[in-house]
Amino acid sequence: MVIQACDPKKEVDLVIINAKIYTVDAAFSTAEAMVVDNGKILDVGSNDIAEKYKARETIDAEGKFVYPGFIDAHCHFMGYAKFLQQADLTGATSMMDVVERLGVHYEGVESDYILGRGWDQNRFEDKNYPDNSLLNDAFPDKIVYITRVDGHAAIANNKALEEAGINKIFDVEGGKILGENGIPNGVLIDNAMDYVSNIIPEMPEKEKVHWLKLAENNCFQSGLTSLADAGLEKDDILFIDSLQENGELKMPLYIMLHPTKENYEAFMFSGIIQNDKLHISSIKLYADGALGSRGAKLLDDYSDDKGNTGLLKHDENWIKQQCLLAYNYGYQVNTHCIGDSAVRLILKIYADILPEKNDKRWRIEHAQCVDEADFHLFGQYGIIPSIQTTHATSDMYWAKDRLGEKRIKNAYAYKRLLAENGWIPNGTDFPIENINPMYSFCAAVFRQDKDGYPAGGFQAEEALSREEALRSITIWAAKSLFEEKQKGSLEIGKKADFVIMDVDLMQASMDEIYQAKPIGC
């Protein structure tokens with residue numbers, strides 16, 4: 001009788017060897033090998049650990065670098081999918097350039113609607129808001145609606161204004177209709193945009209699936225393995241959930257609810273919802289507009305627009321009611337605040353509700369301009385500044401014009417904001433910015449654009465270290481979503497969310513990092 005020896009090695013799905021693995025654990029330790037089974041990390045250590053396992057697949061990383069999967073703590077996934085369908089106006093240098101791009105994008109397309117996104121008047125020669133005259137000339141019989149890069153302003157042609165019932169300038173709470181002598185010129189700011197956006201039909205479901213899957217693929221190709229969508233409605237949430245359930249959509253999403261009765265009744269009143277793909281436990285509020293469109297609410301006048309302090313999108317009592325409701329149901333509150341006045345208002349509302357040094361992780365999204373007297377409130381009440389470092393490198397060309405010499409020193413102050421709680425989540429806010437998290441990393445560390453401007457970095461004293469920048473798009477981003485026990489670092493028991501790259505983020509030059517792409521994730 002022949003007795004066969006039993007192989008003592010444990011059979012596992014995957015072993016990675018000969019890598020430099022940045023685990024992003026508490027000690028920021030590195031490793032050479034990692035073992036994965038059933039979607040979880042089973043072991044991490046030196047190459048010797050591979051001898052204990054029989055792998056169905058082995059990856060010899062050949063000295064390449066492994067990082068936790070990158071997490072975008074604030075983006076607009078559904079908005080990005082819709083953006084992919086529209087004309088891309090990013091970088092347009094004039095309204096004529098805008099019109100030409102719209103014409104090329106919609107050539108041969110049968111549609112009653114001409115849509116685009118990404119224009120920025122700061123790139124135009126005179127840097128002033130344009131009117132809609134060129135849109136009227138080019139597309140007189142179609143509804144044209146083009147959204148500014150930050151999503152807080154739009155230009156509609158006369159056909160669109162007519163369909164939306166805007167035939168004169170009138171007051172809009174939390175918004176503005178621009179024009180002269182009572183006649184609109186097509187420019188709509190913040191809440192005024194709703195009049196036109198509400199008449200534009202939703203894309204058919206089949207098309208929506210196509211663009212969502214393309215958006216997902218672009219994210220994966222950039223190394224993003226988890227996203228936080230900063231504000232969705234019930235129908236879109238249920239549609240995403242159905243695609244996740246049938247396997248058509250694989251991207252895990254942390255979804256913030258828009259503060260509507262329908263959303264509250266469908267989700268919040270039932271408690272926190274969390275599974276492997278979908279996590280709902282927060283609401284998204286808007287305090288003000290954006291700095292680029294001069295809708296951010298400032299304590300004093302805009303330096304380049306005397307008499308204008310921006311706008312609040314909602315009154316204080318309404319915002320506080322939403323916060324109290326969320327607090328009672330155990331939901332996180334994440335509020336968009338750009339201007340120092342908006343930041344102060346929301347810090348005050350949060351502080352009235354939250355105990356000191358709590359772990360509710362209520363967030364202020366963007367926190368772009370903070371008054372010197374208010375920084376300490378973030379730490380005192382455990383309020384988390386949720387930053388997007390690429391906003392600094394996108395806005396640095398004109399932000400000083402808006403804020404002036406004194407206020408600009410307290411803007412995009414990421415190092416000081418980090419010091420308040422000892423951690424800070426980072427996102428891209430795509431499609432406003434590029435989806436690539438390497439742009440976020442470079443903006444955080446080097447504070448320069450891809451061309452190396454400005455020399456030495458924009459307000460370089462506010463730069464994050466390389467370790468802090470990596471943590472901001474991994475473990476700290478996960479923590480901001482209450483998911484740090486499941487992901488964000490490569491530790492035993494966590495999900496095997498990882499990215500393999502041929503660039504060492506702790507050593508590489510800015511140019512190398514800007515050009516880096518994942519080999520696999």
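Just the heavy atoms: all of them, side chains too, but no hydrogens, waters or symmetry mates, feed the values below. Keep in mind that what you see is a predicted model, and the values were worked out from it rather than measured.
A distance-only check finds a donor-acceptor pair linking the side chain of Y106 to the backbone of L115 [under 3.5 Å]. At distances below 3.5 Å, not a single donor-acceptor pair connects side-chain atoms of R416 with backbone N or O atoms of E462. Using modelled atom types, one side-chain atom of H336 and one backbone atom of G289 make a donor-acceptor pair closer than 3.5 Å. Of the possible polar contacts, one joining the D229 side chain to the F77 backbone as a donor-acceptor pair under 3.5 Å is found. At distances below 3.5 Å, not a single donor-acceptor pair connects side-chain atoms of Y53 with backbone N or O atoms of D13. Of the possible polar contacts, one joining the D504 side chain to the M506 backbone as a donor-acceptor pair under 3.5 Å is found. With hydrogens and angles disregarded, a donor-acceptor distance shorter than 3.5 Å links the side chain of E420 to the backbone of G379.
With hydrogens and angles left out, the side-chain atoms of E207 and Q85 include a donor and acceptor closer than 3.5 Å. A donor-acceptor pair shorter than 3.5 Å can be found between the side chains of Y264 and Q322. A donor-acceptor contact under 3.5 angstrom links the side chains of Y350 and T335, judged on distance only. There is a side-chain donor-acceptor pair under 3.5 Å between T90 and D88. Inspection of the T23 and S29 side chains reveals an N or O donor paired with an N or O acceptor under 3.5 Å. Under the 3.5 Å distance criterion, with hydrogens and angles disregarded, no donor-acceptor pair is assigned to the side chains of E483 and S226. Residues E365 and S386 have side chains that bring a donor and an acceptor to within less than 3.5 angstrom of each other.
Taking the six-membered ring for Trp, Y439 and Y514 have ring centres closer than 6.0 Å. Between Y329 and F269, the ring centre distance stays below 6.0 Å.
Here the NE2 atom belonging to H366 is positioned 6.5 Å from the CD1 atom belonging to I432, to the nearest 0.5 angstrom. Rounding to the nearest 0.5 angstrom, the gap separating the NE2 atom in H391 from the CE atom in M396 is 14.0 Å.
By the neighbour-count criterion of 12 heavy atoms within 6.0 Å, atom CD of E248 is densely surrounded, having more than that number from other residues, nucleotides or ligands. For N198, the CG atom sits in a packed shell: over 12 heavy atoms of surrounding residues, nucleotides or ligands are nearer than 6.0 Å.
Exactly one residue among T428, L214, I435 makes a side-chain contact (heavy atoms from CB on, under 4.5 Å) with Y80. That residue is I435.
Here the side chains of D236 and E202 are in contact, with some heavy-atom distance below 4.5 Å. Between K277 and L249, every side-chain heavy-atom pair lies at or beyond the 4.5 Å cut-off.
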TODO: Could you please spell out the steps behind the salt bridge (charged side-chain N to carboxylate O under 4.0 Å, His left out) verdict for R56 and D37?
DONE: CA-CA 10 Å; R56 298 180 184 90; D37 193 46; 3.7 Å; yes
Open item on the list: Could you go through D150 and R148, starting from their C-alpha distance and side-chain angles, then the distance that decides it, and tell me whether this counts as salt bridge (charged side-chain N to carboxylate O under 4.0 Å, His left out)?
Closed with: CA-CA 6 Å; D150 58 15; R148 193 180 184 278; 2.6 Å; yes
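Note: H279 and Y254 have perpendicular aromatic rings, judged against thresholds of 30 and 60 degrees for the angle between ring planes.
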